[in-house]
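Heads up: the structure comes next, in structure tokens.
Remember, it's a predicted structure, so these values are computed and weren't measured experimentally. Order of listing sets the numbers, starting from 1, for every ligand and every atom in it. The first residue of the sequence shown is numbered 1, and numbering continues consecutively from there.
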Amino acid sequence: MSFTVAIDGPAASGKGTISRAVAERFGFAHLDTGLLYRAVGARVLLGIAPITAAQELKAEDLDADDLRSPEVAQSASRVAAIPEVRQALLDFQQAFSRRLGGAVLDGRDIGTVICPEAEVKLFVTASDEVRAARRHAELTGKGLDITLGQVLADLRERDARDAGRVDAPMMVAEDAIKIDTSEMDIDTAVETACAEVAKLR
Ligand code: DC
């Protein structure tokens, strides 16, 4: 039987960590859909046209270096506003969501567009400042030279674009459960999410 957990939210809200933990706890497969857009965004930075990059995306593109860089994140957010790019990635995501044994997908439009019938929908948020601090620690930990102010401006720019686009904007699905992780450590956030999944599992 398929069982889908849709986890949406803005950048650095904690949704990635929560999604991986939920998948591991319940034995579900996990798809980080942001990685698909990042892989397209990275190809565009190499000079490939966005729609072609999305239509010709291959599994090995998801292993490219630097997919986690701020430049690739911005490029991903820009290509994600193109309807044909989103369309090209739709079937793969929907097929993944119906895998036997259960699936967790995280992104921006999973509960609203990709899997409106998902059994569990979570929307993970945190304040801008908390998210920027987390992402800043992650990036400087990897040796990147970037200020907290730059990271905050970057996140806000991306959130505004992701929430403001016409096609599949980031938004809270009507039936989603909101989890604000601003004041939570990661263990608490994971337990809160797992408790919601367990109620419906
Ligand atoms: O989750 P992320 O930060 O890795 O995503 C990178 C960008 O990809 C994000 O700014 C917007 C886009 N994205 C999207 O439009 N829809 C998704 N389901 C996932 C990501």
> Does even one non-hydrogen atom of Gln74 get within less than 4.0 Å of ligand 1?
Replying inline: no

> Does Leu62 reach the side chain of Leu36, with side-chain heavy atoms less than 4.5 Å apart?
Replying inline: yes

> What is the closest protein heavy atom to atom 10 (O) of ligand 1, and at what distance does it sit?
Replying inline: Asp162 OD2, 2.6 Å

> Looking only at distance, does Arg165 have an N or O less than 3.5 Å from an N or O of ligand 1?
Replying inline: yes

> So, the side chain of Ser97 versus the backbone of Gln94: is there a donor-acceptor pair under 3.5 Å, distance only?
Replying inline: yes

>> For atom 13 (N) of ligand 1, what's the nearest protein heavy-atom neighbour? Residue, atom name and distance, please.
In response: Tyr37 CD1, 3.6 Å

> With a 3.5 Å cut-off and no angle check, do the side chains of Thr112 and Asp109 form a donor-acceptor pair?
Replying inline: no

>> Which of the numbered atoms in ligand 1 are under 4.0 angstrom from any heavy atom belonging to Lys15?
In response: 1 (O)

>> Which residue is it: Val104, Leu122, Asp8? I am looking for the one with a side-chain contact (heavy atoms from CB on, under 4.5 Å) to Ile110.
In response: Asp8

>> Can you report which non-hydrogen protein atom sits closest to atom 12 (C) of ligand 1, along with the distance?
In response: Ala80 CB, 3.7 Å

Distance-only donor-acceptor hits, side chain of residues 24-32, under 3.5 Å, sequence neighbours excluded:
residue, atom, partner, partner atom, Å
Arg25, NH1, Glu191, OE1, 3.3
Arg25, NH2, Glu191, OE2, 2.6
His30, NE2, Asp106, OD1, 2.7
Asp32, OD1, Gly34, N, 3.1
Asp32, OD1, Leu35, N, 3.3
Asp32, OD2, Arg68, NH2, 2.8

> Would you say Arg38 and ligand 1 have an N/O pair spaced under 3.5 Å apart?
Replying inline: yes

> Which residue pairs pass the salt bridge (charged side-chain N to carboxylate O under 4.0 Å, His left out) test when at least one of the two sits in residues 125-149, sequence neighbours left out?
Replying inline: Asp128-Arg131, Asp128-Arg156, Glu129-Arg156, Arg131-Asp159, Arg135-Glu138

> Do Asp61 side-chain atoms and Ala39 backbone N/O form a donor-acceptor pair below 3.5 Å?
Replying inline: no

>> Quick test: of every protein heavy atom, which one is nearest to atom 6 (C) of ligand 1, and how far off is it to 0.1 Å?
In response: Arg158 NH1, 3.5 Å

> Out of Met170, Arg68, Arg86, whose heavy atom is nearest to atom 14 (C) of ligand 1?
Replying inline: Arg86

> Without hydrogens or angle criteria, can the side chains of Ser77 and Arg161 be said to hold a donor-acceptor pair below 3.5 Å?
Replying inline: yes

> In the protein, which heavy atom is nearest to atom 19 (C) of ligand 1, and how far is it?
Replying inline: Thr33 OG1, 3.4 Å

>> Please classify the Arg108 to ligand 1 contact at 4.0 Å (heavy-atom distances, strictly less than): side chain, backbone, both or neither.
In response: both

> Which atoms of ligand 1 are found less than 4.0 Å from any heavy atom of Gly107?
Replying inline: 17 (C), 18 (N), 19 (C)

